[in-house]
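Following: one structure in structure tokens, then a few remarks.
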Amino acid sequence: MSNILVVGACGQIGIELVIELRKLFGLENVLASDIKEHCPPSLAEGKYVQFDIMDQNALVKIVKENNIKQIYLLAAMLSATAENKPIFAWDLNMQGLFNVLELARNKKIDKVFWPSSIAVFGANSPMNNTPQHTIMEPSTVYGISKLAGERWCEYYFKKYDVDVRSLRYPGLISYKSAPGGGTTDYAVDIFDKAVKEKKYICYLDKDTKLPMMYMSDAIRATIEIMEAPKAQIKVRSSYNLAGISLCPQDLYHEIKKKFKDFEIEYKPDFRQEIADTWPNSINDLAAKEDWNWKNRVKIEEIVKKMIIGFSQ
Ligand code: NAD
Ligand code: AKB
């Protein structure tokens with residue numbers, strides 16, 4: 001059994017990923033880590049270590065002491081927050097990745113997961129059914145760092161045979177953990193406000209369509225790509241991953257079926273400009289063909305799960 005380290009375990013994806021990995025591989029074999037001093041109660045049963053992914057010496061020590069063989073690197077600054085701290089975001093998003101890739105190059109670990117994003121696309125990419133390989137000219141710090149990260153992942157694979165695997169996640173929807181400063185966060189906030197206040201002020205325009213996915217599908221995709229035989233992973237930059245495509249108005253209408261008095265107001269802010277450069281929908285044929293990816297959760301089910309989740 002090889003030990004797994006999840007870096008950025010206290011975030012929106014990390015919490016659910018650690019829980020699932022522990023179910024599959026055992027509590028003792030999955031070490032959660034984050035820069036935060038304490039982990040959330042849902043992770044407290046297993047091992048947790050606080051450290052900064054920018055600190056290469058600390059990373060080397062943790063990997064050695066815990067016989068870590070796989071790293072899921074989730075620590076990053078997301079699109080909206082990154083626009084306010086561009087240099088800090090670039091440093092974190094790139095240096096964290098280099099620290100992990102270098103460990104793999106030196107054969108200290110066997111496998112790496114690193115997430116990319118739909119943010120790698122830009123205003124000149126085809127907006128609908130965006131292909132795996134196409135024009136990529138991101139205009140956000142976050143998107144630039146993700147595209148650069150993809151190129152480095154492929155480079156480390158080709159040059160040093162580093163087994164790094166990656167997905168271009170769409171916006172992820174979940175209620176178990178809060179989103180961390182992205183442009184797609186509205187698709188979580190809207191449910192929270194619908195349940196608690198019956199009113200939501202949306203920072204994106206009503207018809208801004210973006211690719212989205214329910215968290216359980218994203219977690220399954222992450223584990224599936226990591227568990228797939230090495231020969232099946234033919235894209236070594238990052239795979240497009242599609243779930244559903246929706247805009248604020250779609251969610252509003254779905255939620256209104258449950259809460260008749262729910263109201264929404266649209267007040268676009270700086271995040272509108274970011275969203276306008278991202279695809280409406282993406283094509284994930286390569287993931288389907290290479291490692292049998294299939295999205296499961298549809299919009300009606302997402303709405304049902306989110307409302308129940310936020311009502312508890
Ligand atoms: P998040 O912001 O919710 O979580 C990131 C976690 O990393 C936080 O708990 C934070 O404390 C931790 N962290 C920050 N700096 C750190 C450091 N220096 N050292 C150690 N830990 C540190 O983010 P998320 O939504 O869980 O996203 C995880 C990854 O997935 C990111 O790379 C993100 O770009 C990518 N992604 C997320 C989405 C999404 O919709 N959530 C979509 C596309 C891609
Ligand atoms: C964000 O909005 O920044 C993230 C993403 C799609 O990468 N959710």
Side-chain angles (χ1 to χ4, degrees), residues 5-18 31-40 43 48-56 58-59 62 71-85 88-89 91-97 99-100 112-121 138 140-150 153 166-174 176-189 203-204 208 210-215 217-219 221-222 238-243 245 270-275 277-279 282:
L5 173 67
V6 179
V7 182
C10 300
Q12 191 196 11
I13 300 173
I15 292 177
E16 297 203 37
L17 180 65
V18 169
L31 175 59
S33 77
D34 202 285
I35 200 165
K36 290 182 182 156
E37 191 177 351
H38 301 291
C39 69
L43 302 187
Y48 178 76
V49 60
Q50 178 202 11
F51 89 105
D52 183 344
I53 188 57
M54 306 290 272
D55 183 345
Q56 172 78 333
L59 176 64
I62 288 163
I71 296 182
Y72 290 74
L73 172 57
L74 304 176
M77 191 170 270
L78 276 76
S79 59
T81 328
E83 286 307 293
N84 295 321
K85 289 187 176 175
F88 182 85
D91 285 347
L92 172 63
N93 295 5
M94 299 314 300
Q95 195 55 51
L97 177 59
N99 287 350
V100 173
V112 176
F113 176 80
W114 174 82
S116 184
S117 159
I118 52 163
V120 291
F121 299 109
T140 60
V141 173
Y142 177 67
I144 295 168
S145 73
K146 289 295 183 187
L147 182 55
E150 287 191 9
C153 287
S166 178
L167 299 170
R168 289 176 185 150
Y169 289 136
L172 301 181
I173 304 180
S174 67
K176 291 182 188 159
S177 42
T183 302
T184 59
D185 293 10
Y186 91 84
V188 174
D189 301 339
Y203 59 79
L204 294 185
T208 309
L210 290 170
M212 299 277 183
M213 178 176 283
Y214 193 60
M215 186 61 86
D217 275 333
I219 300 296
T222 306
S238 189
Y239 278 95
N240 277 7
L241 191 72
S245 169
F270 73 101
R271 288 167 282 191
Q272 182 66 45
E273 214 178 298
I274 300 176
T277 68
W278 289 0
I282 62 173

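Start at 1 and go down the list; that is how both ligands and their atoms are numbered. FYI, side chains are in, hydrogens and waters are out, and symmetry mates aren't considered; it's all heavy atoms of this structure. This is a predicted model, so every value here is computed, not measured.
- Under 4.0 Å from any atom of ligand 1, one finds heavy atoms of residues Gly8, Cys10, Gly11, Gln12, Ile13, Asp34, Ile35, Lys36, Phe51, Asp52, Ile53, Leu74, Ala75, Ala76, Leu78, Leu92, Pro115, Ser116, Ser117, Tyr142, Lys146, Tyr169, Pro170, Gly171, Leu172, Gly180.
- Residues Pro179 and Asp189 approach most closely at CG-OD1, 4.3 Å, considering heavy atoms.
- Closest heavy-atom contact between Ala187 and Ile173: O-CG2, 3.7 Å.
- Ring planes of Tyr186 and Tyr203: perpendicular class, angle over 60° (limits at 30 and 60°).
- At a cut-off of 3.5 Å, with distance as the only test, no side-chain donor of Thr140 or Ser79 sits close to an acceptor on the other residue.
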Report all N/O contacts between ligand 2 and the protein shorter than 3.5 Å as a table of atom names and distances to 0.1 Å; if there are none, say 'none'.
residue, atom, partner, partner atom, Å
ligand 2, 2 (O), Ser79, OG, 3.4
ligand 2, 2 (O), Thr183, N, 2.7
ligand 2, 2 (O), Thr184, N, 3.1
ligand 2, 2 (O), Thr184, OG1, 3.4
ligand 2, 3 (O), Ser79, N, 3.1
ligand 2, 3 (O), Ser79, OG, 2.5
ligand 2, 7 (O), Ser117, OG, 2.6
ligand 2, 7 (O), Tyr142, OH, 2.7
ligand 2, 8 (N), Thr184, OG1, 2.8

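- Side-chain N/O atoms of Ser33 and Gln50 include no donor and acceptor closer than 3.5 Å.
- A pairwise comparison of heavy atoms in Ser166 and Ser116 identifies OG-N, 3.6 Å as the closest pair.
- Residues passing the side-chain hydrogen bond (donor to acceptor under 3.5 Å, both in side chains) test with Asp185, sequence neighbours excluded: none.
- Not a single donor-acceptor pair under 3.5 Å links the side chain of Ser174 to the backbone N or O of Met215.
- Partners of Thr208 under the side-chain hydrogen bond (donor to acceptor under 3.5 Å, both in side chains) rule, at least two apart in sequence or in another chain, are Gln272.
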